[in-house]
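Please read the structure below before turning to the comments.
Throughout, a chain's letter reflects where its sequence line sits, starting with A, and its residues are numbered from 1. Worth saying up front: this structure is predicted, and the values here are computed from it rather than measured.
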Amino acid sequence: MTEKVVRTRFAPSPTGPLHIGGVRTALFSWLLARHHGGKFILRIEDTDQKRFVEGSIELITDALSWLGIDYDEGPDKDGGYGPYVQSQRLPLYQKWAQWLIDNDKAYRCFCTSERLEQVNKEKEARKEPPGYDRFCRNLSPAEIEENLATGKPYVIRLKVPLTGQTIGHDLIRGEVVFDNDTLQDAVLLKSDGYPTYHLANVVDDHFMEISHVTRANEWIPSFPLHLILWDAFGWEKPIYAHLPVLLNPNGKGKMSKRFEAFNEDGKKILVLAKEYKDAGYLPEAMLNFMINIGWNFGDEREIFTVQEAIERFDIATVNPANSAFPIEKLDWINGVYIREKLSVEELAKRLRPVFEKAGLKVDDERLLKVVPHVQTRIKTLNEAVDVAGFFFHDTFTPPTEDMLIPKKMDKAGTRQLLEEAYKRYADVPADSFLTETLKTIGLALVSDLSLNNSQVFGVLRVAMSGQSVSTPTFETMEILGKDEALKRIKIAIDILS
RNA sequence: GGUCCCAUCGUCUAGCGGUCUAGGACAUCACCCUUUCAAGGUGAGGACACGGGUUCGAGUCCCGUUGGGAUCACCA
């Protein structure tokens with residue numbers, strides 16, 4: 001058997017930003033192509049003019065490129081099978097629709113949408129399943145001629161076999177059987193001359209020589225229609241793999257950009273690829289995370305590179321079951337990447353724009369000093385703003401009195417502690433104002449004042465940062481420098497005076 | 001409702017007839033470490049939806065029930 005070149009495609013509609021379910025579908029198709037050293041193609045399915053949203057294509061390609069899901073052929077990358085935008089291929093669909101009519105595989109339907117509605121209403125009243133009654137399927141040549149002559153608009157419908165079964169083979173779930181009498185004479189070509197998905201995807205997959213059709217399992221119900229079409233054309237079918245869909249983290253309903261969903265803790269569930277980017281997730285963590293849903297590495301490793309995943313990926317071993325989006329695991333993986341996979345310099349590079357976006361002015365030298373201390377403390381890039389943003393404020397925002405006074409201490413005691421601290425830290429030469437020294441003094445303060453570590457360190461932390469959660473106390477003091485540190489202790493004393 | 005898909009800890013998963021008193025990860029809890037908060041270490045609790053078959057033997061195969069999901073457009 002000669003190994004055919006593997007060509008897979010991701011075929012989104014330009015109806016807005018790419019959402020996470022789309023990313024997952026694209027990812028698995030891409031993994032499949034890359035595993036086999038094949039081609040991954042981006043095709044834009046814009047056959048519904050009404051739903052077209054300006055700028056969508058860019059939003060989609062931006063999301064893919066953020067994640068490193070690169071395509072070999074696409075609207076802006078010709079590979080000899082273009083154009084890759086369906087609205088630019090209209091004559092092709094029209095030609096093959098006509099071919100189907102000529103070969104008795106399809107027919108013109110002149111029914112108005114009003115009549116269609118009426119038919120469905122009547123069917124509903126009779127408690128029958130809705131669907132087209134095939135009124136135009138057996139129009140006489142004379143009737144057709146007459147309709148055509150009077151310029152009646154029409155659509156082209158597939159002539160579905162009335163009996164028998166259509167059997168599909170799916171790489172992930174095996175055989176899928178459909179009784180033909182439950183199928184519809186689906187519209188192939190709309191009255192505006194545009195194809196529907198059914199026609200367009202089959203024609204394009206054929207002419208683009210797609211070897212594996214990977215798409216979400218919401219397409220399974222129309223799978224038999226496509227199979228019938230392939231047979232009608234007499235073309236060799238590609239291999240199909242219907243991927244499971246992502247369900248909301250609570251397991252209720254699929255993730256969708258059309259309905260907002262919320263987590264147990266009331267946090268909005270992010271659905272757009274861009275929302276994840278903006279929330280401070282790393283693309284490599286995101287990829288690692290998504291590959292782990294519905295597929296697993298094979299041994300018990302949870303963390304691996306994309307390259308390693310490509311080597312092992314096998315679409316046939318994808319779990320056929322839908323899965324809830326395990327959002328907490330994303331946070332964990334993102335944290336792992338931040339603290340274990342990124343160097344200080346690399347993390348600094350990624351944090352810089354995050355701080356800037358928060359309106360802070362970033363000093364590179366200081367950033368490099370701060371980063372090691374936030375590294376183990378954040379799960380998303382954005383959290384760095386809360387933990388260490390104060391390092392980059394133009395003006396210091398002092399803490400309130402309440403924040404300053406720890407549990408089991410009173411105002412006077414806290415003030416006394418700060419005054420004593422001020423005295424001792426003032427004695428440290430500026431060039432020795434280093435973490436270890438500062439800590440030794442802090443410890444001495446603890447025993448001399450009969451306090452405990454968390455009281456002393458806590459008060460100093462709040463005094464330094466103006467917040468109760470921050471980078472570690474003495475590191476923070478060192479980075480701030482002697483002048484600034486003393487100034488802030490003074491401010492704290494004033495607050496308690 | 002019709003059709004189709006799916007079903008292992010709360011969640012993501014391993015398991016492809018005996019090695020399963022069901023393994024890993026996240027989350028949770030406890031303890032250790034500790035400078036708050038993290039990180040790290042150790043440990044604990046926690047699942048084969050149910051009922052029938054098939055088989056010497058079933059989480060693993062078959063059927064049914066239940067539950068969840070998808071889909072029923074001149075949208076993809």
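For the atom pair CZ of A/Arg301 and CG of A/Asn288, the computed distance is 10.0 Å after rounding to the nearest 0.5 Å.
Taking the six-membered ring for Trp and thresholds of 30 and 60 degrees, A/Tyr276 and A/Phe325 have ring planes more than 60 degrees apart, a perpendicular arrangement. Using a 30° and 60° split on the angle between ring planes, A/Phe223 and A/Tyr240 fall in the tilted class, from 30° to 60°. Aromatic ring pairs are classed by plane angle as parallel below 30°, tilted from 30° to 60° and perpendicular above 60°; the pair A/Phe297 and A/Phe304 is parallel.
Side-chain proximity of A/Ile220 to the nucleotides B/rC5, B/rG10, B/rA76 is greatest for B/rC5. Comparing B/rA76, B/rC74, B/rC12 against the side chain of A/Val187 picks out B/rC74 as the nearest. The side chain of A/Arg173 has B/rC6 as its nearest neighbour among B/rC37, B/rC26, B/rC6. Out of B/rC37, B/rC6, B/rC74, the shortest distance to the side chain of A/Pro320 is found at B/rC6. Set against B/rC74, B/rC26, B/rC5, the side chain of A/Val176 has B/rC5 as its closest nucleotide. Comparing atom distances between the A/Lys254 side chain and each of B/rA70, B/rU35, B/rC26 picks out B/rA70 as nearest.
A sub-4.0 Å separation between OP1 or OP2 of B/rG40 and a side-chain N or O of A/Arg339 is present. For B/rA76, the OP1/OP2 oxygens have no side-chain nitrogen or oxygen of A/Lys50 closer than 4.0 Å. Within the 4.0 Å cut-off from OP1 or OP2 of B/rA76, not a single side-chain nitrogen or oxygen of A/Thr196 is found.
What separates CG of A/Leu158 from P of B/rC74 is a distance of 14 Å, to the nearest Å. Rounded to whole Å, atom C1' of B/rG2 lies 16 Å from atom CG of A/Asn180.
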